[in-house]
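For reference, the structure is listed below as structure tokens.
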Amino acid sequence: MTAADDPTPGNEPGRVTGPGGTTDTGTGPASSRMAAGVMRCGLAAVLFGVSAPAAAQLTDDMGAFTLAGLLYIGAAVAVAPLAARVRPTRDAVRRSLPNLSLAVVLGGALGPVLLAVGLHRVPASTASLLLNLELVFTTLVAGLVFREHLGRNVLVGTGLVVAGSAVLTWSPSHDVRWGALVIAGACLCWAVDNSATAAIDQLRPSHITVAKGTIAGGSNLAIGLATTAAPALGPTLLALAIGAVGYGLSITLWVAGARELGAARGQLVFAIAPFVGTIVAWTVFADPLAWRELVAFGIAAGGVAFVLGSHHEHPHHHQPTEHTHEHEHDDHHGHMHEPAVVGRHTHHHQHHELTHQHPHVP
């Protein structure tokens, strides 16, 4: 979170302003925005959850690099119209390059390939449940690297997710153990990608997705076509469609929902995605239902429930900063415009040092 910048009493109707900034009064419009945010993030989770078992049906039709490349190219095509509406400046790209490079290499290139390899070795339902490890690794990165407050609920919840994943890997099959390890590697890549992407406030999420799709997706597809036979037209179009819906449209919906909820709460709602994928694998794609998957489902669901209950309230401190990013006027953005600006907009602005207290989540 960022500090409030230039707090001015009475600068927004429906808000109470104090010496530390503005505080939402909890009126009707705020509640409706919250509900809309939950719906959008929830739909994004459903679309992404379905993408894993759907992509698993294509692992016999093409190699891992080809599948990973087509998924992200499909995502880039889906969000390209949004990215084209506002082009990033050269300075924004230059300042974002280190974190963007990390996101493209790990999140757009390596992570999808590892997932595609894992989908070929474990049932789609098992793979979907193992995707809960992204929550675990993201928590570890946030706590150990970024010194973020985690709290008892988050620690207990991530521990349960780890326990559920251990149950999934308890199998005499070498392929299952190897596939689970590879999918865990994909989750670790995406956890680092999450942290790197969170630090990019000069570029829109659609710009990042297009970069991943064109650079990482294009590179993976080139490697796949050079090392394995080209897939037939039908599976190719299906992979592009899964990428467009399960990655591109899902990202777009999640960003829209996170604008209403905040990124942290939006990510908690998105945590239902692995369970959606597991249920789809069992019901739609007729994956056999193993006892260890049922046990792991229950344990991991309990773990995610603990994390979902991790909201808390305490005084916290924001350091001063100055940057450019898309925002709207809220308790952390209280500056004035002449003439007045309503809704989300982008410009260079300053956040002053601030200590305040309000409910929030890790």
Side-chain angles (χ1 to χ4, degrees), residues 40-41 43-85 100 103-120 124 127-128 131 134 183 186 189-190 193-194 197 203-257 270 273-274 276-277 280-281 284-285:
R40 287 167 178 154
C41 289
L43 181 56
V46 170
L47 294 179
F48 181 74
V50 171
S51 69
Q57 311 308 307
L58 301 174
T59 55
D60 291 332
D61 297 308
M62 61 189 75
F65 281 96
T66 303
L67 178 56
L70 289 173
L71 289 174
Y72 262 90
I73 289 175
V77 171
V79 303
L82 288 176
R85 288 172 58 185
L100 181 61
V104 167
V105 172
L106 293 182
L110 185 56
V113 170
L114 292 175
L115 176 62
V117 171
L119 287 172
H120 192 65
S128 294
L131 289 178
E134 182 179 349
I183 292 174
C189 288
W190 284 324
D193 173 25
N194 291 340
T197 301
L203 301 179
R204 293 189 171 191
S206 57
H207 297 146
I208 300 171
T209 302
V210 168
K212 287 181 179 179
T214 53
I215 300 172
S219 299
N220 278 339
L221 181 59
I223 294 172
L225 294 178
T227 56
T228 58
L233 179 61
T236 297
L237 294 177
L238 186 54
L240 289 171
I242 293 171
V245 175
Y247 290 77
L249 182 57
S250 176
I251 289 171
T252 302
L253 282 168
W254 184 85
V255 170
F270 196 78
V276 172
V280 168
V284 178
F285 298 111

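The stretch residues 207-218 participates, sequence neighbours left out, in these side-chain hydrogen bond (donor to acceptor under 3.5 Å, both in side chains) pairs: D193-K212. Contacts classified as ring pair (Phe, Tyr, Trp, His ring centres under 6.0 Å) and involving residues 213-247 (residues at least two apart or in different chains) are given here: F48-Y247, Y72-Y247.
One finds the CG atom of L43 at 10.5 Å from the CZ atom of F270 (value rounded to the nearest 0.5 Å). Between S51 atom OG and L131 atom CG the span is 8.0 Å, to the nearest 0.5 Å. For the atom pair CG of L240 and OG1 of T236, the computed distance is 7.0 Å after rounding to the nearest 0.5 Å.
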**Q.** Candidate pair L221 and L70, rule side chain to side chain contact (heavy atoms under 4.5 Å, CB included), full reasoning
**A.** CA-CA 7 Å; L221 181 59; L70 289 173; 4.0 Å; yes
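Taking every heavy atom of both residues into account, A76 and G213 meet most closely at CB-CA, 3.7 Å. The nearest pair of heavy atoms linking A55 to I242 is N-CD1, 3.9 Å. Residue A103 comes nearest to T197 through the heavy atom pair CB-OG1, 3.8 Å, listed as atom of the first residue, atom of the second, then distance. In terms of heavy-atom proximity, I183 sits nearest to A127 at CD1-CB, 3.5 Å. Between A273 and A45 the shortest heavy-atom distance is CB-O, 3.3 Å. For the residue pair L106 and P112, the shortest heavy atom distance occurs at O-CD, 4.3 Å.
Scanning for side chain to side chain contact (heavy atoms under 4.5 Å, CB included) contacts around A216 gives V104, A109, with sequence neighbours left out. Among residues two or more places apart in sequence or in another chain, the side chain to side chain contact (heavy atoms under 4.5 Å, CB included) test is passed with T252 by V79, L82. For P53, the side chain to side chain contact (heavy atoms under 4.5 Å, CB included) partners at least two apart in sequence or on another chain are A124, S128, V280, A281, F285.
Looking only at side-chain heavy atoms (C-beta outward), L225 and P231 come within less than 4.5 Å of each other.
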Atom pairs and distances, side-chain donor-acceptor, residues 58-69, under 3.5 Å, sequence neighbours left out:
residue: T59; atom: OG1; partner: A56; partner atom: O; Å: 3.0

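Although no hydrogens or angles enter the test, the distance criterion places a donor-acceptor pair under 3.5 Å between the side chain of W190 and the main chain of G107.
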